[in-house]
**Q** 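There's a structure below that I have some questions on.
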Protein chains: 2
Amino acid sequence: MIIQLDMQSELPIYTQLVNQIIEGIASGRLKPGEPLPSVRSLASDIGINLHTVNKAYTLLKQEGFILVHRQRGVVINPDSMPEITKAYMGKMRGELRPIVAEAISRGMSQEQLLQEMEQIYQEITQTDKEYD
Amino acid sequence: MIIQLDMQSELPIYTQLVNQIIEGIASGRLKPGEPLPSVRSLASDIGINLHTVNKAYTLLKQEGFILVHRQRGVVINPDSMPEITKAYMGKMRGELRPIVAEAISRGMSQEQLLQEMEQIYQEITQTDKEYD
DNA sequence: TAACTGTTATACTTATAATACAACAGTTAT
DNA sequence: ATAACTGTTGTATTATAAGTATAACAGTTA
């Protein structure tokens with residue numbers, strides 16, 4: 001699992017970590033049951049503090065993306081992924097809304113916008129690569 | 001212009017202000033040339049500090065959504081809206097990407113996702129209302 | 001026994017968000 | 001003229017979040 005951090009980003013480090021791990025799952029690079037580095041080794045590898053990694057793992061655990069066996073380590077949830085709950089849909093719409101509004105203000109058509117979304121979806125799920 | 005703030009939100013107040021004004025423009029409720037409340041009156045109306053409103057206005061001005069005449073006040077840009085620049089597209093894609101990734105992880109299909117986006121686009125631009 | 005695992009606790013630093021109070025320069029209506 | 005308004009700027013303060021540093025605990029594994 002390759003992690004790319006932007007220290008100049010306005011996004012907190014732990015948020016960037018969460019995002020990249022979720023994208024790893026979405027892309028298939030991280031498969032169910034696959035182990036993740038320990039909080040200490042990952043922190044050491046990318047040069048950040050243990051607590052920052054721990055915060056990201058804790059969030060991912062609360063949502064159900066990963067499982068934590070007390071002394072065995074961290075793994076991608078081997079059984080299931082988080083559901084499409086009403087709470088999640090509300091969160092997602094709340095995030096999309098200002099993005100869509102700005103696009104409209106700038107004159108972007110619905111077709112353009114949907115095409116961008118489709119493009120990103122394809123980029124993430126592109127099947128022409130295998131990760132083993 | 002009705003402003004609805006969520007003081008419990010993780011989003012800063014000035015960000016909520018920016019978002020709501022941009023959505024006002026996108027929906028047509030705020031038309032080109034239309035005046036916005038002064039920093040003091042808006043701050044007073046919604047019970048926040050002058051500087052918080054000023055920060056939101058400054059950001060909107062920098063992007064080109066509003067114009068500020070030194071002593072005349074603030075208006076929605078009467079001539080043009082910000083363009084769809086490469087920088088903007090990069091920002092937009094960077095915001096969409098983690099949202100799409102999470103949706104994929106949770107098993108949402110491309111069709112479902114596009115439908116949500118379309119729904120939000122329609123909600124914002126619905127033409128069955130007139131704002132005069 | 002030594003090296004590892006997640007977890008927890010405390011303390012500290014830094015940056016951002018928001019507020020409070022004040023003033024300046026220019027405009028507008030009385 | 002003068003009072004009331006405009007955006008702008010400055011400084012100081014408080015609160016919260018982010019990140020780091022150091023340390024320890026309990027259980028696992030080689």
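Throughout, protein chains are lettered first and strands after them, A, B, ... in sequence-line order, and every chain is numbered starting at 1.
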**Q** May I ask you to verify if any side-chain N or O of B/T52 is less than 4.0 angstrom from the OP1 or OP2 atom of C/dA18?
**A** no
**Q** Ignoring hydrogens, what is the shortest heavy-atom contact between B/L60 and B/I21? Give both atom names and the distance.
**A** CD1-CD1, 3.6 Å
**Q** Roughly, in whole Å, what's the span from CG in A/N49 to P in C/dA9?
**A** 16 Å
**Q** So does B/R40 reach the base of D/dT8 with its side chain, donor to acceptor, closer than 3.5 Å?
**A** yes
**Q** Counting side-chain heavy atoms from C-beta on, which of C/dT7, D/dT6, C/dT19 comes nearest to B/I13?
**A** C/dT19
**Q** Give the rounded distance in Å between these two atoms: NZ of A/K55 and P of D/dT20.
**A** 12 Å
**Q** Show your reasoning for whether side-chain contact (heavy atoms from CB on, under 4.5 Å) applies to B/I120 and A/I99.
**A** CA-CA 10 Å; B/I120 293 169; A/I99 300 174; over 6 Å; no
**Q** Quickly work out the A/L5 CG to D/dA18 P distance and round it to whole Å.
**A** 15 Å
**Q** Return the value, rounded to whole Å, for the distance between atom CG of B/L42 and atom P of D/dT8.
**A** 14 Å
**Q** Any chain of hydrophobic side-chain contacts (each under 4.5 Å) joining B/L11 to B/F65?
**A** no
**Q** What integer distance in Å separates A/H51:NE2 from D/dG19:P?
**A** 13 Å
**Q** Taking all non-hydrogen atoms of both residues, which atom of A/P37 and which atom of A/L42 are closest, and how far apart?
**A** CB-CB, 3.9 Å
**Q** Can you tell me how far C1' of D/dA17 sits from CG of A/L59, to the nearest Å?
**A** 13 Å
**Q** I'd like a table of atom pairs between the protein and nucleotides 25-30 of chain C - only N or O on both sides, under 3.5 Å - with the distance next to each one.
**A**
unit_1: C/dA25; atom_1: N3; unit_2: B/Q71; atom_2: NE2; d: 3.4

**Q** Partner lookup for D/dA30, please. Criteria are Watson-Crick or G-U wobble with both distances under 3.5 angstrom; report none if nothing qualifies.
**A** C/dT1
**Q** Once you round it to whole Å, what is the distance between C1' of D/dT9 and CG of B/N54?
**A** 9 Å
**Q** Do B/R93 and A/E123 sit within salt-bridge range, that is, some charged N less than 4.0 Å from a carboxylate O?
**A** no
**Q** Any side-chain to backbone donor/acceptor pair from B/S105 onto A/I25? Under 3.5 Å, distance only.
**A** no
**Q** Starting the side chain at C-beta, find the nucleotide from D/dT8, D/dT20, D/dT6 nearest to B/V68.
**A** D/dT8
**Q** Is there a side-chain polar atom (N or O) of A/Y14 under 4.0 Å from OP1 or OP2 of D/dG19?
**A** no
**Q** Heavy-atom count check: over 12 atoms from other residues, nucleotides or ligands less than 6.0 Å from A/E95 CD?
**A** yes
**Q** Please give, in whole Å, the distance from C/dA20 P to B/L50 CG?
**A** 11 Å
**Q** C/dT7, D/dG7, C/dT5: which one has an atom nearest the side-chain heavy atoms of A/K61?
**A** C/dT7
